[in-house]
Every structure is written in structure tokens, then in C-alpha cells.
Amino acid sequence: MPATLATLDAKFPGAFATSAFRDNTRVEVAADKAPAVLFDLLKCLKDDRGFDFLADIAGIDYLNYPNATDRYGVVYALTNLATGERLFVKAFANDPDPALPSAVPLWAGADWMEREVYDMFGVVFDGHPDLRRILMPAEFTAHPLRKDYPLRGLGERHNFPTITRAES
Amino acid sequence: MALTGLMPDFLVTKLDYVANLVRKHSLWPMPFATACCGIELMATASSRYDIARFGSEAMRFSPRQCDLMIVAGRVVMKMVPVMQRVWLQMPEPKWCISMGACASSGGVFDAYATVQGIDRFLPVDVYVPGCPPRPEQLIRAVLDIQEKVTKTGTIDAREFAARSGYEGPTALAQELAPEEAIVAPGDFRTATRLRVPLN
Ligand code: SF4
């Protein structure tokens, strides 16, 4: 893992911060750097450091989170299948138009995972081939996992016509 | 024949009575099983609980061959148009059982996507409480449907034509704070679909 971080440091000096939780290493790319740096950073990890497997993409909304500076976090869980190393890349994005570069050109499996993050958090992935909602109906207008979205929704769940017995 | 003298040559009865008699003893369930309650629904059809004793064992997976819709499980908003379409595709006369806490009221899933009771969108005849209801309860519900058919059924389905109003809950049982933003029917601030009356 130190070799990986050294490679990243040489290629992208000052573009990211690192942190650790137990045996997880995290690379954090702030919102002002992420649009320009994130794709090249992921590509470097894949091509130079052998992180050939994108295990997961998760979204986080840091609204009202203590000491948070950026609002949306998108976590890429990378695995090197040859060595078993794991690395988490966390990129941030901000309102009003949260956007990050798409990882689909690197890992085709990012397709549906990015659609899910887009659906739930409204983070747009530039360069995604087919960025549609994946879980919610297409007519849905909100992004339900945002912290400012009420738990019970805004009434969408009851916005359907009623069928009475006489007319059915 | 020895019986000839005992049996009358003809019987007088009501067409409604005959229709009800044959209908209630051969209800064909449409298993609309969307979640865990569906497992109990399958158990009800198994030999141990044996819904066949009550004439309802012929489950068909095409709504066009059924006359008893059993909604077993939670229904999310993406599923409501499907459920309504399945219901509309069933031929008359037909009945609906709302099986389990989720189908009847949303159950523990008071979340943005889960419908809080299918009776807001469909006419339900019998509700089955429980999470999940035991197979005996579902059999009881089928017996209740049979009783309902006996008591109210008519051969030309006049009793259905009388049910022309909304039959769902009129208000929420519990008052909620405004920021919880649960919305009763009638308030559709962020419309995803236009609410248009069907007739
Ligand atoms: S009522 Fe209980 S068993 Fe039935 S669908 Fe809901 S959670 Fe599952």
C-alpha cells in the first residue's frame, strides 16, 4: 500500500489527502479537485497499480455532518485481485450541480452503480453512457437518500389514481 | 329406484343463490405475492394447510384466469400501476384479499416508496392482519370471502356496481409533525404522476 500511495503522490502531488480506518486506506479527493483529477487517479490505480476490480460505488450525503466541508461523497471500493490489496477512493462533490467523471470507461461494472448513486443522491457522472434512474420510477423528481429529503417522502407514494369497485 | 319417491321432481331457488353456491366453492386465487407474506401464501396451498379443502387451490399466474386477488406483501409505488393493471385484467366477478400488515397498512415500512395500504388504490374485500398471517388466517379470509359471496352475491354482480366510492382510509390514525411530511390523499405537491379520475 505505501508503494501505491507513493505512486499517486508522484503523479498527483497535492491533489488528494489520505486517511486510514483500521486496515483500510482511503484516498480522499476534495470537491474542487475531483472533476479534474479523479478519472486520471482511478486510471492510474487501475493501470499502474493493478486495482483491476471495482467492488462497489457508494454515495454519502454529508449534510449537517460534523466538520464536513463538502456535501456529497462518492466512495469507490477498489480491489487488486492479484495481491488482495484494497483501497477506497472517496471523491466529493457539491451543490448545486454535483458532478464527477464517470468510471465506466475503466470498469464496465460501474454502469449500474453510478446509476444508483445518481438515482439516490443526484450526483451526475459525466461521460456515463446511460445515466437514468435505476430504482425509482422515471417520473420521480427527488433524490430520496439526500438528508434533506423527508423519510416519508413528499407524497409521491400516494400519487396514483384510485380504482373503485364499480369501475373495475 | 328407491329414491325416486323421496326426491321432488323440481326445485325452486334463486339464480343468485345458485350462482353464489358455485362461485364461492371455486375461487381461483391470483397470487400477487410481492414479499415475505408470499411464502405463507405458498404454505397455505401446500398439503399441510391445504386450501384445496375450500376449493381455492387452483392458483393461476395469469390474472385472466383468476377471480380472487391475494395481495401478499408490501407494495412499492413502482408496483402500484402493475397491481392495478393486474386487477383490471381479472374477469368479473372478482374479489380482493389484502394479506398481511404491509399490504393493509404499509406495516413497518413507512418509507417514501412504500404504499401505506393497497386499499388507497384498489377495492379490498377482506384484510388479513399479521406479519405474516398464519396460513389458517388466510384460510379464514377465504372463508370470509365465501360468506360475503353467500350474503351479498348476485348473479349479475349488482352488488359491485353499488360500491362506487373510495373505500380506503380517510385519515391517518396518528397526527404527524409537519416536517415528517407524510401526505394523505389529496396533497400532491411534488407530483410524479397526474392524478386523474378514471371515469
Ligand atoms: S406483513 Fe410482514 S411478512 Fe408480510 S410482507 Fe410485510 S413484513 Fe413481510
Side-chain angles (χ1 to χ4, degrees), chain A residues 57-66 71-73 95-98 111-124 130-168, chain B residues 75-81 83-85 87-90 92 94-96 106 109-117 119-125 157 159-168 176-199:
Chain A
I57 299 181
I60 304 170
D61 185 356
Y62 283 104
L63 185 72
N64 300 331
Y65 195 82
R71 176 152 180 199
Y72 304 104
D95 278 336
D97 297 307
D111 187 343
W112 284 14
M113 300 193 268
E114 286 183 352
R115 279 177 64 187
E116 187 181 358
V117 173
Y118 164 71
D119 192 359
M120 292 290 135
F121 295 94
V123 177
V124 173
D130 182 28
L131 196 62
R132 287 176 293 135
R133 288 181 179 275
I134 190 169
L135 296 173
M136 304 307 293
E139 315 88 272
F140 205 78
T141 52
H143 298 289
L145 287 197
R146 288 188 176 182
K147 293 289 182 202
D148 52 3
Y149 184 79
L151 274 183
R152 294 185 168 93
L154 296 166
E156 296 96 336
R157 63 184 179 180
H158 289 151
N159 197 13
F160 296 92
T162 299
I163 297 179
T164 66
R165 190 60 186 84
E167 70 195 3
S168 62
Chain B
V75 177
V76 292
M77 52 182 283
K78 218 172 173 178
M79 207 67 194
V80 171
M83 180 180 71
Q84 290 187 326
R85 187 169 183 153
W87 171 255
L88 290 175
Q89 283 179 345
M90 288 166 58
E92 294 277 5
K94 59 193 173 186
W95 296 270
C96 179
F109 301 98
D110 192 1
Y112 58 90
T114 313
V115 163
Q116 303 297 295
D119 50 358
R120 292 165 189 266
F121 308 111
L122 279 187
V124 173
D125 289 285
E159 83 273 24
F160 296 139
R163 292 167 61 183
S164 57
Y166 168 73
E167 298 175 2
L176 298 160
E179 69 270 14
E180 292 184 293
I182 189 168
V183 181
D187 179 359
F188 305 105
R189 277 180 293 148
T190 53
T192 56
R193 287 177 175 80
L194 288 179
R195 185 187 175 94
V196 285
L198 282 184
N199 45 7

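The sequence lines fix the lettering, A, B, ..., with proteins before strands; numbering per chain opens at 1.
Nearest heavy-atom pair, B:A113 versus A:M136, reported as atom, atom and distance to 0.1 Å: CB-CE, 4.3 Å. Here the closest non-hydrogen pair linking A:F160 and B:M77 is CZ-O, 3.1 Å. In terms of heavy-atom proximity, B:S164 sits nearest to A:A166 at CA-CB, 3.7 Å.
Atoms NZ and CD, on B:K78 and A:E139 in that order, are 9.0 Å from each other to the nearest 0.5 Å. A distance of 10.5 Å separates CD1 of A:I163 from CZ of B:F121, quoted to the nearest 0.5 Å. Within the model, atoms CG of B:D110 and CZ of A:R157 stand 5.0 Å from one another, a figure rounded to the nearest 0.5 Å.
Take A:Y65 and apply the ring pair (Phe, Tyr, Trp, His ring centres under 6.0 Å) test, not counting sequence neighbours, and it matches A:Y62.
Under the 30°/60° scheme for interplanar angles, the aromatic rings of B:Y112 and A:Y149 are found to stand perpendicular.
Per-residue counts of heavy-atom pairs under 4.5 Å with chain A were compared for B:E92, B:M90, B:E159, B:E167; the largest is that of B:E92.
Only the side chain of B:V80 comes within contact range of chain A, judged by heavy atoms closer than 4.5 Å.
In terms of modelled atom types and a separation under 3.5 Å, the side chain of A:T162 and the main chain of B:R120 share a donor-acceptor contact.
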